[in-house]
Amino acid sequence: MAIDRITSIHTMPMMPQPPNQESKEQEPPLVFDASVLRHQLHIPSQFIWPDEEKPCLDEPELAVPFIDLGGFLSGDPVAAMEASRLLGEACQKHGFFLVVNHGIDQQLLSDAHLYMEHFFDLPLSQKQRAQRKPGEHCGYASSFTGRFSSKLPWKETLSFQYSAVKNSPTIVKDYLCTKMGKEFEQFGKVYQDYCEAVSNLSLGIMELLGMSLGVGKAYFREFFEENSSIMRLNYYPPCQKPDLTLGTGPHCDPTSLTILHQDQVGGLQVCVDNEWHSIRPDFNAFVVNIGDTFMALSNGRYKSCLHRAVVNSQTTRKSLAFFLCPRSDKVVSPPCELVDNLSPRLYPDFTWPMLLEFTQKHYRADMKTLEAFANWLQRKSN
């Protein structure tokens with residue numbers, strides 16, 4: 001569920017490479033072609049993670065609270081209070097929970113998974129029509145081979161922007177048709193509808209977050225009403241050496257809220273009390289986690305969730321990730337109710353584009369992105 005980064009904040013000097021004694025020709029660039037690599041017994045070294053970060057594929061399952069939104073969405077105030085209480089407890093502990101009876105149409109969910117499968121089954125050359133350009137966060141990426149040189153994720157992604165402002169009613173469909181062609185109009189419409197539905201769900205969750213933090217249900221809903229968010233399709237092909245690599249490395253999302261829908265193949269893992277736990281997939285539930293931006297907005301009361309994705313040797317795993325982000329001009333600053341002598345300000349004011357720029361140009365994902373960003377802002381202001 002990561003927004004991907006290009007470089008580390010600590011840039012290491014480039015060391016001279018010894019000349020190739022056998023050939024003066026430069027090695028061709030690494031290409032992540034899932035149709036080929038999924039069968040290889042020896043995976044390229046760029047995908048092999050350090051021993052201390054290698055996954056355990058059989059982590060104990062985490063008992064995650066299922067938060068029933070049915071009563072809240074139907075206007076039941078008692079159900080709303082109970083949902084906000086459960087949500088608050090999860091956010092204080094690890095920032096991770098599941099929601100059921102969320103109100104999103106099952107056919108829309110099925111269509112979103114079906115069209116995702118159709119896209120990633122295309123030949124690599126066709127997917128590359130939507131190739132992500134350096135420094136951008138939207139487009140098709142095959143493991144980010146042109147951006148990272150080590151600890152590469154074993155996955156493909158397709159990312160695109162969503163806007164909830166009224167003058168951008170077809171932004172998703174227009175983008176996908178521009179990149180892939182007019183024959184992708186229905187493809188684009190499915191994800192336009194999906195983004196609108198999940199954006200509305202996220203605003204409901206923001207009401208519950210506001211209630212649980214004591215700032216009222218309208219505060220965060222209004223802050224994110226005209227959100228400018230990111231939608232990502234994740235495709236994790238089989239790997240014949242799944243114990244050596246990761247689908248996504250350990251990280252906290254820099255965004256505000258991640259709403260994830262998984263297929264029935266397991267692979268998501270969450271770190272709680274310094275131990276990794278697996279999350280059992282449930283097609284009827286959305287996986288929700290707090291991101292760094294909301295952690296700052298809550299003045300650290302709610303925790304950004306550390307997570308990763310593992311792969312397996314037999315079955316492709318797919319997921320739909322909606323990353324809720326505020327409108328670009330919104331200043332991320334906690335409400336006054338969350339700041340006092342006992343709880344002083346933890347993070348400086350910033351806007352989402354500032355944090356996005358930091359994660360695209362200066363820092364690669366880990367569990368300390370927000371801390372590093374705050375230090376970076378402080379240095380810039382001095």
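We're numbering straight along the sequence, starting at 1.
A centroid separation of less than 6.0 Å is found between the aromatic rings of His113 and Phe283. Not less than 6.0 angstrom separates the ring centroid of Phe322 from the ring centroid of Phe286. Note: Tyr115 and Phe119 fail the aromatic proximity criterion, with ring centroids not under 6.0 Å apart. The aromatic ring centres of Phe220 and Phe294 sit less than 6.0 Å apart.
Of the possible donor and acceptor atoms, none in the side chain of Thr255 sits under 3.5 Å from a partner among the backbone N and O of Leu324. Listed for the Gln240 side chain is a donor-acceptor partner under 3.5 Å among the backbone atoms of Ser313. For Trp49 (side chain) and Leu152 (main-chain N/O), a donor-acceptor pair under 3.5 Å exists by modelled atom type. When atom types are taken as modelled, the side chain of Ser298 and the backbone of Met295 share a donor-acceptor pair closer than 3.5 angstrom. Judged by distance alone, with hydrogens and angles left aside, the side-chain atoms of Gln192 form a donor-acceptor pair with the main-chain N or O of Val172 at under 3.5 Å. No donor-acceptor pair under 3.5 Å is formed between the side chain of Asp366 and the backbone N or O of Pro250. Put simply, the side chain of Tyr236 never gets that close to the backbone of Pro153: no donor and acceptor are under 3.5 Å apart. Of the possible donor and acceptor atoms, none in the side chain of Ser199 sits under 3.5 Å from a partner among the backbone N and O of Glu196.
Within 6.0 Å of the NZ atom in Lys368, the count of heavy atoms belonging to other residues, nucleotides or ligands does not exceed 12. Remark: Glu275 CD is loosely packed, at most 12 non-hydrogen atoms of other residues, nucleotides or ligands lying under 6.0 Å away. Enclosure of atom NZ in Lys93 is not indicated, since only 12 or fewer non-hydrogen atoms of other residues, nucleotides or ligands lie within 6.0 angstrom. Applying the 6.0 Å contact sphere to CE of Met367 captures more than 12 heavy atoms from other residues, nucleotides or ligands. When the shell of 6.0 Å around CG of Asp329 is examined, it contains more than 12 heavy atoms from other residues, nucleotides or ligands.
Counting all heavy atoms, side chain and backbone alike, Asp282 lies closest to Asn284 at OD1-N, 2.9 Å. Annotation for Val100 and Ala285: closest pair CG1-CB, 3.7 Å, computed over non-hydrogen atoms. The heavy-atom pair separating Pro237 from Tyr235 by the smallest distance is CD-O, 3.3 Å.
Remark: the Tyr140 side chain and the Glu156 side chain contain an N/O donor-acceptor pair separated by less than 3.5 Å. In the model, Glu357 has no side-chain atom that pairs as donor or acceptor with a side-chain atom of His362 under 3.5 Å.
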For this session: Could you please spell out the steps behind the salt bridge (Lys or Arg N to Asp or Glu O under 4.0 Å) verdict for Arg221 and Glu225?
Result: CA-CA 6 Å; Arg221 181 186 180 95; Glu225 199 97 54; 3.6 Å; yes
For this session: Apply the test salt bridge (Lys or Arg N to Asp or Glu O under 4.0 Å) to residues Glu183 and Arg129: give CA-CA distance (whole Å), side-chain angles for both, the deciding distance (0.1 Å), then the verdict.
Result: CA-CA 13 Å; Glu183 64 270 26; Arg129 285 152 63 180; 3.2 Å; yes
For this session: Would you sort out whether Ile205 and Ile259 count as a side chain to side chain contact (heavy atoms under 4.5 Å, CB included), showing the intermediate values?
Result: CA-CA 10 Å; Ile205 294 172; Ile259 300 184; 4.0 Å; yes
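From Asp292, atom CG reaches atom CG of Asp253 across 7.5 Å, with rounding to the nearest 0.5 Å. Rounding to the nearest 0.5 angstrom, the gap separating the CG atom in Leu37 from the CG atom in Asp33 is 7.0 Å. The CZ atom of Arg345 lies 13.0 Å from the CG atom of Asp340; values are rounded to the nearest 0.5 Å. In this structure, CD on Glu89 lies 10.0 Å from NE2 on His94, to the nearest 0.5 angstrom. Between atom NZ of residue Lys330 and atom OG of residue Ser256 there is a gap of 12.0 Å, rounded to the nearest 0.5 Å. Atom CG in Leu114 sits 9.0 Å away from atom CD in Gln107 (nearest 0.5 Å).
Taking the six-membered ring where the residue is Trp, Phe32 and Trp154 present perpendicular rings, their angle passing 60° and hence far from 30°.
The side-chain hydrogen bond (donor to acceptor under 3.5 Å, both in side chains) test with His251 singles out one residue from Arg308, Arg364, His307, and that residue is His307.
Between Lys217 and Leu208, the closest side-chain pair of non-hydrogen atoms is not below 4.5 Å.
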